[in-house]
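Just below is one structure, and these are the notes that go with it.
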Amino acid sequence: MKRSSVRPLFSLLLLIAFAAFLAFRVVTRRGAGIDLEKDIILYRALSPPPPPPPPPPAPVFNSTLLKYAATDVGEAQAKQEIEQLLEGNFASRGRYRTFASWRRFNHHDVKASNSRGIPVMLRSPEFYRYWLSFRRVLHVWARNKRYQPDIVHELVGLVKDPIDRHNGLAGSKRRYGSCAVVGNSGILLQSEHGELIDGHEVVIRLNNARTDKFERNVGFKTNISFVNSNILHLCGRRQGCFCHPYGADVPIVMYICQPVHFLDYSICNLSHKAPLIVTDPRFDVLCARIVKYYSMRRFVEETGKSLEEWSSAHDGSMFHYSSGFQAVMLAVGICDKVSVFGFGKSSLAKHHYHTNQKAELKLHDYEAEYDFYHDLVTDPRAIPFISDKFKFPPVVIYQ
């Protein structure tokens, strides 16, 4: 009887001991796992971070192509023209020969002139003031006309700061948060981007393109009017030098097509409430080289001809970038984000959304500029002549 009662008790004790042993093993293993995990975290914290991946190799540009793109075949002629203008020789400058079309000077004897062809109206105190301003700005502009690869770093100070001061804002030296550059292509009528365009901090429009009745497609907001000096030349003929389709308080940024247009600038600048800013000639030279590079590259790839033949095919002395191209380049320098609208063409669309013009100007190589826009979006490091230190903002092109 006693043996039979002891056996179950012994078996129960043995079972309890075995269960306790198993529980101890589980706890100790978990603890070891926790310690191991802590050791791994500590090791990671004390170990140096892995080295960053190497940057992609720098693009290799064709040195011969760069050399040809950097050559300004019209430079000698341009210098001669500037020298003549600084001397007061307007003999070959169209309406500037007598200024007879300038209403404000019609009461002067515009037919009388001295041996160098300078109108006697220069004796007028009113015109003499304009003349001194013309010579001063033209001289400074001509002196600064040179290649400088890091000029894009200075665009905030050259363009945005004067506009901020006009608007009563202290110079923050920061870029605009977002900018929309609105081109004039007829493809804008195929979409309704107006609200999207107006949602940007700054909207840049080109060459006084109208927005009235096109707001659904192009928006109505305008913060900067970007024009070429031919536009201002036409504005100068109007009463009061009117050149404000977006309002008299909208700043105008203008690049010079012909040095003689500084005379229009000198007169119109006095009547403008908002800043009338001429693009820095160093920026002009940079833009000219970039566009010429893309045009020459495209010419060689498509025709198989030599670089020497490009000039005759594109009238090298007259070849120039479009207003849209330089407006995009300006936005790249003063904005953290850039959106581009109305750049491109379609067989179903007019050349300009607001006019009946159908033909493109042979003065520009739009296809080459489209190649530039592609690189600007996908691989800006492939763009030549710009300093390696410049950080391109993200760019989106809307069709």
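The model shown is predicted, which means the values in this text are computed figures rather than measured ones.
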(request) Decide yes or no for Glu81 and Pro259: does some side-chain heavy atom of the first lie under 4.5 Å from some side-chain heavy atom of the second? (result) yes
(request) Please list, chain by chain and in numerical order, all residues satisfying salt bridge (charged side-chain N to carboxylate O under 4.0 Å, His left out) with Asp284, sequence neighbours excluded. (result) none
(request) Kindly indicate whether the side chain of Cys235, heavy atoms from C-beta on, has any atom under 4.5 Å from the side chain of Asp264. (result) no
(message) Just by distance, no angles: are the side chains of Thr222 and Arg205 close enough, under 3.5 Å, to form a donor-acceptor pair?
(response) yes
(request) State, with a plain yes or no, whether a side-chain heavy atom of Arg146 is found less than 4.5 Å away from one of Asn144. (result) yes
(message) Holding to salt bridge (charged side-chain N to carboxylate O under 4.0 Å, His left out), I want the full list of residues that pass it with Asp72, two or more places apart in sequence or in another chain.
(response) none
(message) Could you measure the distance from the CG atom of Leu206 to the OG atom of Ser323? Nearest 0.5 Å is fine.
(response) 6.5 Å
(request) State which residues pass ring pair (Phe, Tyr, Trp, His ring centres under 6.0 Å) with Tyr321; sequence neighbours excluded, sorted by chain then number. (result) Tyr255
(message) Which residues end up grouped with Val250 if you chain together Ile, Leu, Val, Met, Phe, Trp and Tyr wherever their side-chain heavy atoms are less than 4.5 Å apart?
(response) Tyr246
(message) Does atom NE2 (His374) have a neighbourhood of more than 12 heavy atoms from anything else shown, all under 6.0 Å?
(response) no
(request) To the nearest 0.5 Å, tell me how far Tyr130 OH sits from Leu263 CG. (result) 10.5 Å
(message) List the residues meeting ring pair (Phe, Tyr, Trp, His ring centres under 6.0 Å) with Phe343, not counting sequence neighbours, and say none if there are none.
(response) Tyr373
(request) Report the residues that fulfil salt bridge (charged side-chain N to carboxylate O under 4.0 Å, His left out) with Lys160, sequence neighbours left out, ordered by chain and then residue number. (result) Asp164
(request) Report yes or no: is the cationic atom of Arg289 (NZ for Lys, CZ for Arg) under 6.0 Å from the centre of the six-membered ring of Tyr147, at an angle within 45° of the ring normal? (result) yes
(message) Going by the rule salt bridge (charged side-chain N to carboxylate O under 4.0 Å, His left out), which residues pair with Arg175 if we only count those two or more places apart in sequence or in a different chain?
(response) none
(message) Using side-chain heavy atoms (C-beta onward) and a distance below 4.5 Å, is Val253 in contact with Ser225?
(response) no
(request) Would you please say whether a donor-acceptor pair under 3.5 Å links the side chains of Tyr176 and Asn223? (result) no
(request) Check whether the side chains of Gln258 and Ser229 place a donor and an acceptor atom closer than 3.5 Å, and report yes or no. (result) no
Side-chain donor-acceptor pairs under 3.5 Å in residues 148-156, sequence neighbours left out?
residue: Gln148; atom: OE1; partner: Arg282; partner atom: NH1; Å: 2.8
residue: Gln148; atom: NE2; partner: Asp150; partner atom: OD1; Å: 3.1
residue: Gln148; atom: NE2; partner: Glu154; partner atom: OE2; Å: 2.9
residue: Glu154; atom: OE1; partner: Arg282; partner atom: NH2; Å: 3.3

(message) Are Phe325 and His364 packed together at the side-chain level, in the sense that at least one heavy-atom pair is separated by less than 4.5 angstrom?
(response) no
(message) Taking the ring centre of each residue, are Trp141 and Phe262 less than 6.0 Å apart?
(response) yes
Please list, one pair per line, the donor and acceptor atoms closer than 3.5 Å that link side chains of residues 390-399 to other protein atoms, with sequence neighbours excluded.
none

(request) Please identify each residue that fulfils disulfide (SG to SG under 2.5 Å) with Cys268, with sequence neighbours left out. (result) Cys241
(request) Start with the C-alpha distance between His314 and Phe299, add both sets of side-chain angles, then the distance that settles side-chain contact (heavy atoms from CB on, under 4.5 Å), and finish with yes or no. (result) CA-CA 10 Å; His314 287 274; Phe299 174 78; 4.3 Å; yes
(request) Could you note down all residue pairs passing salt bridge (Lys or Arg N to Asp or Glu O under 4.0 Å) where residues 132-144 supplies at least one of them, sequence neighbours left out? (result) none
(request) Provide the full list of salt bridge (Lys or Arg N to Asp or Glu O under 4.0 Å) pairs with a residue in residues 300-328, sequence neighbours left out, each pair given once. (result) Arg298-Glu302
(message) Is the shortest side-chain heavy-atom distance between Asn217 and His193 below 4.5 Å?
(response) no
